[in-house]
Amino acid sequence: EERSSLLEEKNELIEERNVEIQQKAEALELSTRYKSEFLANMSHELRTPLNSILLLSRLMAENEAMDPEHQEYAGVIQSSGQGLLSLIDEILDLSKIEAGKMELDRANIKIDEVIQNMRSLFNPVAKEKNLNFVVEKSVETPEIFNTDKMRLEQIIKNLLSNAIKFTTEGSVTLNIDKNEKLNALIFKVTDTGLGIAPEKQGMVFEAFQQADGSTRRKFGGTGLGLSISRELAKLLGGYIDLKSKEGKGSIFTLTLPVDKNKGFDGVVDPWEK
Ligand code: ADP
């Protein structure tokens with residue numbers, strides 16, 4: 001008799017705690033949503049005035065009638081503004097993803113177009129830094145791939161710009177290949193740069209995290225690129241992996257399923273081939 005009433009009391013307590021936990025989870029979800037909505041609105045409001053700053057500073061920077069010193073100042077305003085715009089775009093992307101509002105625009109795209117775009121985008125910077133920049137695909141790579149082209153290119157651009165940014169000599173390669181076993185396309189970005197210490201490798205995918213605090217000043221950047229890339233990869237049905245050795249270089253691989261509905265065939269291990 002006494003035992004069963006004790007048990008009942010305990011059950012009631014557990015039930016109460018469960019309700020509390022549930023309420024807390026709901027409150028947390030709500031505040032996460034408010035935060036994301038706030039960020040999305042803020043980002044939008046910031047873009048409008050920034051666009052005028054960018055346009056007018058560009059006109060001034062290009063105005064030959066102005067004295068050279070002031071033209072140069074206008075150039076600095078323009079490039080700082082450009083940096084701010086990228087930051088705003090990145091925050092907007094991240095908050096959209098967090099709020100579950102990032103929508104994909106899937107289509108059958110030509111892999112060769114992606115290759116061409118990456119070449120024309122990164123050849124100049126690589127040349128400037130005297131790096132050997134190669135984009136190649138295997139014969140197994142299909143011509144057509146169903147994905148969101150803009151988002152796929154956004155991920156690859158992030159990986160390539162990091163690879164070039166953190167490499168002072170040697171090469172940066174984008175290699176595209178099909179993994180038959182997984183039924184996956186693999187986009188592999190390899191560099192011979194700084195590399196990332198083992199204990200930092202997990203954290204570089206976190207928002208605002210950089211492997212070395214002191215490189216922020218040296219290399220710029222926001223620490224948002226990889227966290228956005230990782231989330232986008234997830235949205236596209238895949239994931240990003242990192243292998244790196246300090247002082248030797250890094251390999252970032254983006255693995256995406258060829259068939260978005262079926263996903264990967266079997267166990268996913270991009271390093272086994
Ligand atoms: P950002 O490049 O704007 O700092 P990311 O999220 O793209 O932000 O990268 C986070 C950090 O990861 C970088 O600051 C850098 O410390 C490290 N990192 C990323 N890619 C590389 C790479 N290819 N080689 C060395 N370090 C890298």
*Would Thr167 and Leu194 satisfy side chain to side chain contact (heavy atoms under 4.5 Å, CB included), going step by step from the backbone distance to the final call?*
CA-CA 6 Å; Thr167 303; Leu194 293 184; over 6 Å; no
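- Distance NZ/Lys234 to OG/Ser229: 12.5 Å, rounded to 0.5 Å.
- One hydrophobic cluster holds both Leu46 and Leu84 under the rule that ILVMFWY side chains link at heavy-atom gaps under 4.5 Å.
- Closest non-hydrogen pair, Leu185 versus Pro142, comes out as CD2-CD, 3.6 Å.
- In terms of modelled atom types and a separation under 3.5 Å, the side chain of Glu143 and the main chain of Lys110 share no donor-acceptor contact.
- Counted by atom type alone, Ser171 and Asn132 present zero donor-acceptor pairs between their side chains at under 3.5 Å.
- With hydrogens and angles disregarded, a donor-acceptor distance shorter than 3.5 Å links the side chain of Ser80 to the backbone of Val76.
- Residues Val172 and Leu160 meet the side-chain proximity criterion, which asks for heavy atoms closer than 4.5 Å.
- With rounding to the nearest 0.5 Å, the separation of CG in Leu232 from CD1 in Ile156 is 11.5 Å.
- Distance check, rounded to the nearest 0.5 Å: CG of Leu159 to CD1 of Ile155 gives 7.5 Å.
- Using a 4.5 Å heavy-atom threshold, the side chains of Phe187 and Thr253 count as separate.
- If you check the side chains of Asn117 and Glu153, you find a donor sitting under 3.5 Å from an acceptor.
- The one candidate from Leu152, Asn146, Asp148, Ile144 that meets the side-chain contact (heavy atoms from CB on, under 4.5 Å) condition with Ile109 is Leu152.
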*Evaluate the salt bridge (Lys or Arg N to Asp or Glu O under 4.0 Å) criterion for residues Glu136 and Lys188: first the C-alpha distance (whole Å), next the side-chain angles of each, then the deciding distance (0.1 Å), finally the verdict.*
CA-CA 10 Å; Glu136 55 189 17; Lys188 188 158 91 171; over 6 Å; no
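- Counting heavy atoms from C-beta outward, Asp67 and His70 have side chains that approach closer than 4.5 Å.
- In the hydrophobic cluster analysis, where Ile, Leu, Val, Met, Phe, Trp and Tyr join through side-chain heavy atoms closer than 4.5 angstrom, Met42 is grouped together with Ile88.
- Between Asp93 and Gln154, the side chains place a donor N or O and an acceptor N or O closer than 3.5 Å (distance only, hydrogens not considered).
- For Glu20, the CD atom counts as densely surrounded, since its 6.0 Å shell holds more than 12 non-hydrogen atoms of other residues, nucleotides or ligands.
- Between Ile196 and Glu246 the shortest side-chain heavy-atom distance does not fall below 4.5 Å.
- Checked by atom type, the side-chain pair Ser250/Ser244 shows a donor-acceptor distance below 3.5 Å.
- Atom CD of Glu72 has 12 or fewer heavy atoms from other residues, nucleotides or ligands within 6.0 Å.
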*Any chance you could lay out the side chain to side chain contact (heavy atoms under 4.5 Å, CB included) test for Val114 and Lys149, step after step, and finish with the verdict?*
CA-CA 8 Å; Val114 175; Lys149 189 171 184 227; 4.3 Å; yes
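- Shown here for Ser227 and Glu206, the closest heavy-atom pair between the two residues is CB-C, 3.9 Å.
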*Step by step, work out the salt bridge (Lys or Arg N to Asp or Glu O under 4.0 Å) result for Lys178 and Glu180.*
CA-CA 6 Å; Lys178 186 180 176 193; Glu180 294 289 347; 3.7 Å; yes
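- The aromatic rings of Tyr239 and Phe264 sit perpendicular, their planes meeting at an angle over 60°, well past the 30° parallel limit.
- The two atoms that bring Ser138 and Asp177 nearest to each other are OG-OD1, 2.6 Å, heavy atoms only.
- The distance from atom CE of Met118 to atom CD1 of Ile176, rounded to the nearest 0.5 Å, is 9.0 Å.
- No side-chain donor-acceptor contact under 3.5 Å links Arg151 to the backbone of Leu236.
- By the 6.0 Å contact criterion, CD on Glu199 is enclosed, its count of non-hydrogen atoms from other residues, nucleotides or ligands being greater than 12.
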*Please lay out, stage by stage, how Glu98 and Lys35 fare under the test salt bridge (Lys or Arg N to Asp or Glu O under 4.0 Å).*
CA-CA 10 Å; Glu98 267 186 15; Lys35 188 194 76 182; 3.3 Å; yes
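- Remark: Lys127 NZ is loosely packed, at most 12 non-hydrogen atoms of other residues, nucleotides or ligands lying under 6.0 Å away.
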*Begin with the C-alpha distance, continue with both residues' side-chain angles, and end with the deciding distance and a verdict on salt bridge (Lys or Arg N to Asp or Glu O under 4.0 Å) for Glu37 and Lys96.*
CA-CA 8 Å; Glu37 278 170 9; Lys96 257 198 217 153; over 6 Å; no
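- Among all heavy-atom pairs drawn from Asn162 and Leu226, the shortest one is ND2-CG, 3.8 Å.
- Pairing each heavy atom of Leu235 with each of Arg106, the nearest pair is O-NH2, 4.4 Å.
- You'll find the side chain of Thr255 stays beyond 4.5 Å of the side chain of Asn179, heavy atoms only.
- Using a 4.5 Å cut-off between side-chain heavy atoms of Ile, Leu, Val, Met, Phe, Trp and Tyr, with links allowed through other members, Leu174 and Ile164 fall into the same hydrophobic cluster.
- Under a hydrophobic clustering in which Ile, Leu, Val, Met, Phe, Trp and Tyr are joined whenever their side-chain heavy atoms come within less than 4.5 Å, directly or via other members, Leu104 and Phe145 fall into the same cluster.
- With no hydrogens or angles considered, a side-chain donor-acceptor pair links Gln22 and Glu26 at under 3.5 Å.
- Taking the side chain as every heavy atom from C-beta outward, Leu182 and Asp265 never approach each other to under 4.5 Å.
- Shown here for Ser43 and Ile91, the closest heavy-atom pair between the two residues is OG-CG2, 4.2 Å.
- Taking CG of Asn18 as the reference point, atom CG of Asn11 lies at 10.5 Å (rounded to 0.5 Å).
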*Begin with the C-alpha distance, continue with both residues' side-chain angles, and end with the deciding distance and a verdict on side chain to side chain contact (heavy atoms under 4.5 Å, CB included) for Phe205 and Ile240.*
CA-CA 9 Å; Phe205 290 100; Ile240 296 179; 3.8 Å; yes
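- In this model, no donor atom of one side chain and acceptor atom of the other lie less than 3.5 Å apart for His44 and Asn41.
- The OG atom of Ser57 sits 8.5 Å away from the CD atom of Gln82 when rounded to the nearest 0.5 Å.
- Placement of Leu85 and Leu59 in two distinct hydrophobic clusters is found when ILVMFWY residues are connected by side-chain heavy-atom separations under 4.5 Å, directly or transitively.
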*Glu62/Gln71 under side chain to side chain contact (heavy atoms under 4.5 Å, CB included): CA gap, chis, key distance, verdict*: CA-CA 7 Å; Glu62 288 169 0; Gln71 252 184 305; 5.7 Å; no
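- Listed for the Gln78 side chain is no donor-acceptor partner under 3.5 Å among the backbone atoms of Leu54.
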